[in-house]
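Reckoned from all heavy atoms, side chains included, excluding hydrogens, waters and symmetry mates. Just so we're on the same page: letters track the sequence lines, and every chain starts at 1. No experiment lies behind these values; they were computed from the predicted model shown.
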Amino acid sequence: MKTFFSKIADTLRRAPRWIYIALALALALIFPMLESWGLMETLWLRVGTRALVYVLLAVGLNLVLGETGLLHLGYVAFWAIGAYTTAILSSPRTARLLYMVQEHGIGKALTTVTQRTMQIPEELIGFHIGFGWVLLIAVLIAMLFGFILGIPTLRLRGDYLAIVTLAFGEITRITFNNWEPVTNGPGGIPGIMPPNIFGWVVDKPGEFFYLLLIVVVIVVWLLNNLKNSRIGRAWNALREDEIAAHHAGVHSTRVKMLAVVLSAGIAGLAGAIFGYYQQFINPQYFPFMQSTIIVCMVVLGGMGSIPGAIVGAVALDTLPEVIRQTFTKWLPDAFGPDFLPGVQAAVQTDFDRYRMLIFGFVVVLMVVFRPEGLLPNKLWRRETHEVDPREQEQTRQHLFDLEEGHPDLEA
Amino acid sequence: MALEHVFSLTVSGVTVGMIYALIALGYTMVYGVLQLINFAHGEVFAVGGYIAASTLIWAGIDDGMPLWVKVAYFALAVLVSVAVTATLGWLIERLAYRPLRGRSRIIPLLSAIGVSIILQNLLIVIFGPEPMIMPTAIVPSGSFELFGARIRVLQVVIIVTSLLLMALLTWIVKGTRMGKAMRATSQDREAAEMMGIETNRTISFTFVMGSALAAVGGFLVAMYYGSLQYDTGFLYGLKSFTAAVLGGIGNIPGAVVGSLVLGLAETWGVGLRLGLLAWLFVAGFGLGLYFQFWRAPRGRVAHIAEEFRTPAYERQLLNVYRLAPYSATKTILSKRTDALVAVSARHAMRLMTGNLFLLGFALLFFANSDVQFSSKWQHVISFSVLMAILMFRPSGILGEHIQEKV
Amino acid sequence: MAHGRTRKVLALALTLLLTVSMFTITGCKSDGGTSTDGTSGKTETIKIGVHTSLTGGLADYGFAASEGLKIGATDFSGFEVDGVTYNIELVIKDDKGEPAEAPIVAQQLIDEGVVAVIGGLTSGATNAALPIYQAAGIPVLSGSATAPDLTEVGFDNFFRTCLRDDLQGAAIGAWAIELGGKKVVVADDRGDYAVALGNEVQGTLEAAGVQVLREECAEGDVDFSAQVNNIKAFGPDVIIFTGYHREAGLLFKQCIEAGVDAQFMGGDGIKSNEIGDEAGGAANVEGALCTFGGFAQEAMPGYAAFLEKYEAATGKDGGPYAENNYDALGAVVQAIVDAQSFEGADIIAALHDVEYQGVQGTLTFDANGDVSVPGGGGIELIPRFEYTGGQWTYIAD
């Protein structure tokens, strides 16, 4: 029996990598069609689309956390910056702001809370910025803030970086919450218009799924190339040993900065598309917990591994919904409505209270027992697993014995 | 600005600062011996408050009880909460941090965040998401007037208790064997081990002591405000860590000084509405950055400056002039003016970068119409204090005390 | 690293298996109602969605809303369309009060084939879910989403049976002026509801020439000493807190401890009897005043009967916004009967013309979908309460 399974595993292992990539892509391409063929509920399409946003975020964070080894706890800030860029540039808010700028100048427009009932001229209604520009602006602004955050912080010790990025994330959220003239404060910005890409109006979940899929594929392809380039090697070298890397000629600050700025750009991109998809943005989307959830995704999948980040994001984002549906719908459908009523009720009401608790345990257990994640990157495994102390002790003892002179030799 | 207003703000600031100090001490001691930000420490503090309050509720404390019974209950609550949190601190170290010693530094940090999430959600699961209300019976309710400001007896109690605990801690660290072991461990763990110090036991002791202090802090906060919520610990933890960094991490008097400064900065910042001062702060921030970044030869950020201050840009500029076809420009511009243009371009770029920061932070602070420091930016104060220290003086006010080789 | 490869392969295989099984299990789409051919006449079941928050910070409100609706489902079942008797089946879904979860919940309800939705509980969640409901053409009636934006962005499928924030804000402001407030503190908790309400209150007061100090006591905070010091220096006669009761309790407690002598007021967020505990004793908030964002329960024609049913069903005192949700369900049912159709467009059209006799009185909806009573009415619709002897009591005009 064992040989049978190990044979299968062996064959699967020997299969070339492109087969897995092709399989995953085919699966992703078919996924939305299942809905249009009536084989799947639209709910799963929405869950899948949201999971793709998280895939982008996890892949982007992996660049900083996994490849370069910097703990970034304010990643959600760049996501928020992207989403708010979309919301401000492509919603009824755009026309209001433009009108304020025209009437009172840019300073006043950015600092005055306008009346909700303010009338704006007819010709401005519906004014917004096109999809491509919004994406570009969102990415650039996110990168700019990544740069601003990076300059003072990248020289700091690694753990200080964690706390500074955390503070940055909170400052950003508070700013969006307080900057009422532009962001409408905690009320958020409703009515974001659907993107129009050369006549393709993206407003159905299936279409958003494909749009995001295209973006994910491009980003992952680029990141994979980058990972195997000189820069990628430099990142890994910095993660393994900063001092050694520095002496080997790696420009540590510049290379780290590149990682931080690029990952900020990816989060900005994800945020911009997320804004279009949600059609509504408020600061409640971006609490600190979201940053830790993305960290959990990367840790679960395997730091420094792109497939790991993808699997981690998909798993952590969809599993709660899958579990809920399994116990409240599929099992009762299959075995009758009275199947495990207690479990049904518990999953319905209490499951969400335990969700974050489970995430916390996932992080601690993964870090203690399997720090390289589910789909590990080889280098990290070597770094994260300490050499077995018993083994070390044996070697030491052995050397000691040799020095002392072995009794056998003396005799 | 009435003087009594300033005075009463100061008393509030000192009270808050003392509570920060009780938590910051735990951060700073753990950082001293392990070089680890114990993210879960804020949660341990909240657990302390929760346990104390629920012990009192469970014991059924009542307003009508005689004073000595109340005092007995009070002592019971302190004992239970200190015992529980000290055990918790020991367990966290034993289960989540010790197995990770010697691994890459990011790994225990991740574990710390995991523990923090677990504790916070355990509080929700066990006590529910609604706030934990502290029985009012044991809270001293009196108050008196001093220099025109009303001061609560409880504020005095908090300040005095914190000072006593800090004195006790100083004695432990300076005057006992264990304290000596702690200091040795934080200076150089390997050397300490070679000298026969049981570093593992010392580290455990540090966690137990830090957690006990945090428990008292949690109890005092619960008494002071009347209630606690499951996420109170997160914010307090973050601010206390800021205080520890501000004073110099690993440095025990530093943690106290940093906490007082932070407490006062927060209450004064919001309370006095020092619009002008805030503007000056931002301006100073930008200017300081400018000087650190470009001028100071050995400033903290000077290394980065070195990297960006490549003469490549200038050379390029000069080359453009040199390679340009013979033209009127070329004749007019002597070599000297070429250099002048290049240098002024460089300066313009520097100024622009400096102003970029100024603009960014000014936007962050004064995105709203009111130039005054409105209370909605209260949390931003401590966060930006944190960022500012780390930029200008990562070693803190009194300097850090940690292992050199990191 | 053979070990790692095996794991990787296994993980991939597992993912595949999971995905495939997901498809096969969700293989069938559920459709609208299910018919049960009884012996006496034809009875069918129709699904109505409930989009609410049963977990998270506003779980109490969600509980009250869903209980009110359960009573409604029993009461309104058995209506006739085209000679067929219909019973109501509620499909209750929880968005945890997170806007990111709201679209998923909306989609679940649509997938279930509901004809109308009652919800969402908060304005944020409703804002996030409305585009999806609109695309599906499903009418949405909220009993508690009070943000003015909702009916002004242009969603023609949205209606509500509660009053708007701007009306309540104006009412609080007017009351503070009535009490002789010359210097008034308006404080909020940085949450969407409190800020919107606070802005309305501040606008009303400033328009009347009252001096206003705006303060913020962020939700989840405990230390408001700086704010209290400001308030003390300002010397107000009225302090208005527009957020929820926990922060209100803390703020009022700290004000009293600092020796501030002023009238405490608030919106419906502070209308919870727990405020006594949170303020460190009911005596601290004795005489505090608050308003409510709906019609006065005490003045409602059908409230006593409703409360009886509610208490019998839940064993608890009446909850906030339970009757608003009950009425929302009633209005939808009447619109369905009027339109004699289950098509979303028909129901929406009928809702604009409906004149519904509910617990709250006679309700109609204006062109935007806001509730109005025959004969109109402004701020005098907002009921007033005073905290006496540990609970909120209604002040009859």
Side-chain angles (χ1 to χ4, degrees), chain A residues 6 9 12-13 15 20 23-24 27 31 34 38-47 50 92 113 115-116 174 177-178 180 184-188 190-191 203-205 277-280 282 284-285 290 307 311 314-315 321-322 325-326 330 333-334 348-350 352-353 372 374-376 378 381, chain C residues 1-2 4-13 15-16 18-19 22-23 25-30 54-56 94 96-100 102-104 106-108 110-112 123-124 127-132 135 147-150 152-154 166 190-196 199 203 216 218:
Chain A
S6 63
L12 284 175
R13 176 153 32 99
Y20 292 110
L23 255 173
L27 206 71
F31 185 69
L34 291 171
L39 290 174
M40 183 181 71
E41 292 175 327
T42 322
L43 164 72
W44 294 106
L45 204 49
R46 282 202 183 271
V47 172
R50 194 177 64 178
V113 183
Q115 282 296 310
R116 194 170 33 75
I174 296 173
N177 205 29
N178 286 351
E180 278 170 64
N184 195 25
D203 57 356
K204 293 191 181 57
Y277 174 57
Q278 289 287 314
Q279 301 186 38
F280 169 70
N282 76 4
Q284 282 177 26
Y285 281 99
Q290 287 289 347
V311 170
V314 172
E321 201 55 54
V322 172
Q325 291 281 322
T326 311
W330 299 335
D333 278 359
Q348 194 79 5
T349 56
D350 292 337
D352 291 307
R353 294 168 105 184
E372 71 275 23
L374 290 179
L375 297 180
K378 281 178 213 151
R381 194 183 154 71
Chain C
M1 288 294 135
R5 282 291 275 189
T6 324
R7 288 288 172 105
K8 189 174 173 182
V9 166
L10 275 178
L12 248 172
T15 324
L16 262 171
L18 202 83
T19 329
M22 203 166 83
F23 296 149
I25 296 172
T26 46
C28 59
K29 258 186 154 177
S30 53
L54 293 168
T55 46
D94 171 23
K96 306 163 211 164
E98 290 174 18
I104 304 274
Q107 193 63 55
Q108 272 179 315
I110 294 167
D111 288 347
E112 290 272 353
S123 301
N127 247 325
L130 268 182
I132 293 161
D149 267 355
L150 284 166
E152 285 174 4
V153 175
D166 42 354
R190 300 314 301 153
D192 54 348
Y193 172 65
V195 170
N199 288 347
E216 277 86 13

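- The minimum heavy-atom distance between C/A128 and A/Y285, with the atom names listed, is CB-OH, 3.4 Å.
- For the set C/I104, C/N199, C/I110, the count of heavy-atom pairs under 4.5 angstrom toward chain A peaks at C/I104.
- Taking CD from A/Q278 and CG from C/N127, the interatomic distance works out to 11.5 Å, rounded to the nearest 0.5 Å.
- Contacts between C/A100 and chain A at a heavy-atom distance below 4.5 Å involve backbone atoms as well as side-chain atoms.
- For a residue to count as touching a neighbouring chain, one of its non-hydrogen atoms must lie under 4.5 Å from one of that chain's; by this rule A/D203 does not touch chain C.
- Note that CD1 of C/I132 is 7.5 Å distant from CD of A/Q279, once rounded to the nearest 0.5 Å.
- Residues that satisfy the ring pair (Phe, Tyr, Trp, His ring centres under 6.0 Å) test with A/Y277, not counting sequence neighbours, are A/F208.
- When all heavy atoms are compared, the tightest approach of A/P186 to C/D192 is O-CB, 3.2 Å.
- Annotation: the span from A/L43 atom CG to C/Q107 atom CD amounts to 6.5 Å, rounded to 0.5 Å.
- Counted by atom type alone, A/N178 and C/E216 present zero donor-acceptor pairs between their side chains at under 3.5 Å.
- Considering only residues two or more places apart in sequence or on other chains, C/D166 meets the salt bridge (charged side-chain N to carboxylate O under 4.0 Å, His left out) condition with A/R116, C/R164.
- Neither the backbone nor the side chain of C/A196 has a heavy atom closer than 4.5 Å to any heavy atom of chain A.
- Of the atoms belonging to A/N282, it is side-chain heavy atoms, and not backbone ones, that fall under 4.5 Å from chain C.
- Of the atoms belonging to A/E321, it is side-chain heavy atoms, and not backbone ones, that fall under 4.5 Å from chain C.
- Counting heavy-atom pairs closer than 4.5 Å to chain A, the top-ranked of the candidates C/P148, C/A106, C/G203, C/A147 is C/P148.
- For the pair A/R46 and C/P103, the tightest heavy-atom approach, listed with the atom from each and the gap, is CD-O, 3.8 Å.
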